[in-house]
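Written out below as structure tokens is the structure these notes cover.
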Amino acid sequence: PGVSSEKILQRRRLGLSDAPLAVFVGSAYGPNRDAADFLIRSLASALPMLQVSIIGGVGVQWRETHSQHALDPNVRIHGFVAAEELLELLQTADLALNPIATGSGTNIKMLDYMAAGLAIVTTPAGARGLEGVSGEHWIECPLENFVETTRQMLAADRAILGRHARKLAEERYDWRTIAEHYA
């Protein structure tokens, strides 16, 4: 699927290439560190045609404990970014990734990804606590299939999945909807 010229220009303003862009957002929480490590060490090298952007405290922590030379050229560690830059990165992305293998509670990053209308590849642990359906709102797969599923998503029409994710976020997880429910 093609990328709009507006998205390409936006990526260039952010210092990114024209290649497909996948994002991962996370704090320096243990399961996020494991997920970022998986993306950097396994997925990025297996999918060199994909830009992988690691955003948030998890990127800062990764940089502090690893050599920058360990990064493949298609990986970019953003670290902490302002809300406006996060929004811009999400808007320019083709895909959101959530290879969380452990942890508890709902992954708030999933709500950010959904609100941005992104197609999402996630593990079952990454989708826990959310009322969505794999194949309709995101694609769910075990970590051992994550690279291949991401490869398939790059060739798929991701727009419908992103629209369904966005609609679910608006109907179920928007603060106005939550407030109305409890009012």
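Predicted, not measured: the structure shown is a model, and the values here were computed from it.
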Just wondering, do [Y] and [X] contact through their side chains at under 4.5 Å, heavy atoms?
X	Y	answer
I139	L161	yes
E88	Q10	yes
F24	N98	yes
V23	T92	no

[X] and [Y]: which non-hydrogen atoms are nearest, and at how many Å?
X	Y	value
Y173	E131	OH-N, 2.6 Å
G103	P31	CA-CG, 4.0 Å
S134	E140	OG-N, 2.9 Å

Open item on the list: Taking L118's backbone N and O only, do any of them form a donor-acceptor pair with R166's side chain (distance below 3.5 Å, no angle check)?
Closed with: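 No.
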
Task: T123 side chain to I100 backbone, donor-acceptor under 3.5 Å - done: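 Present.
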
- [ ] State whether D94 and R158 are salt-bridged, where the test is any N-O pair (Lys NZ or Arg NE/NH1/NH2 against Asp/Glu carboxylate O) under 4.0 Å.
- [x]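 The answer is yes: the pair qualifies as a salt bridge.
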
Open item on the list: I'd like to know if K167 and E170 make a salt bridge, using a cut-off of under 4.0 Å between side-chain N and carboxylate O.
Closed with: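 Salt bridge absent between K167 and E170.
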
Distance in Å, [X] [atom1] paired with [Y] [atom2], rounded so as to fall on 0.5 Å steps:
X	Y	atom1	atom2	answer
R151	N145	CZ	CG	12.0 Å
K109	I120	NZ	CD1	11.0 Å
S53	H78	OG	NE2	3.0 Å
T122	L97	OG1	CG	9.5 Å
I8	R13	CD1	CZ	11.5 Å
K7	R12	NZ	CZ	14.5 Å

Please tabulate, for side-chain N and O atoms in residues 44-52, each donor-acceptor pair with protein atoms closer than 3.5 Å (sequence neighbours left out).
{"from": "S45", "atom 1": "OG", "to": "R41", "atom 2": "O", "distance (Å)": "3.3"}
{"from": "S45", "atom 1": "OG", "to": "S42", "atom 2": "O", "distance (Å)": "3.2"}
{"from": "Q51", "atom 1": "OE1", "to": "S17", "atom 2": "N", "distance (Å)": "3.0"}
{"from": "Q51", "atom 1": "OE1", "to": "S17", "atom 2": "OG", "distance (Å)": "3.4"}
{"from": "Q51", "atom 1": "NE2", "to": "S17", "atom 2": "O", "distance (Å)": "2.9"}
{"from": "Q51", "atom 1": "NE2", "to": "S17", "atom 2": "OG", "distance (Å)": "3.4"}
{"from": "Q51", "atom 1": "NE2", "to": "A19", "atom 2": "O", "distance (Å)": "2.7"}

Open item on the list: With ring-ring contact (aromatic ring centres under 6.0 Å, His included) as the rule and sequence neighbours excluded, what pairs involving residues 79-133 come up?
Closed with: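 Found none.
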
TODO: Could you tell me whether the side chains of E64 and W62 share a donor-acceptor contact shorter than 3.5 Å?
DONE: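 Distance-only check fails for E64 and W62.
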
Do [X] and [Y] sit in one hydrophobic cluster, given that two such residues count as connected whenever their side-chain heavy atoms are within less than 4.5 Å of each other, even indirectly?
X	Y	value
L87	L21	no
V133	L168	no
I160	V121	no
Y29	I40	no
V60	L39	no

Open item on the list: Around atom CD of E6, are there more than 12 heavy atoms from other residues, nucleotides or ligands closer than 6.0 Å?
Closed with: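 Incorrect, the count does not exceed 12.
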
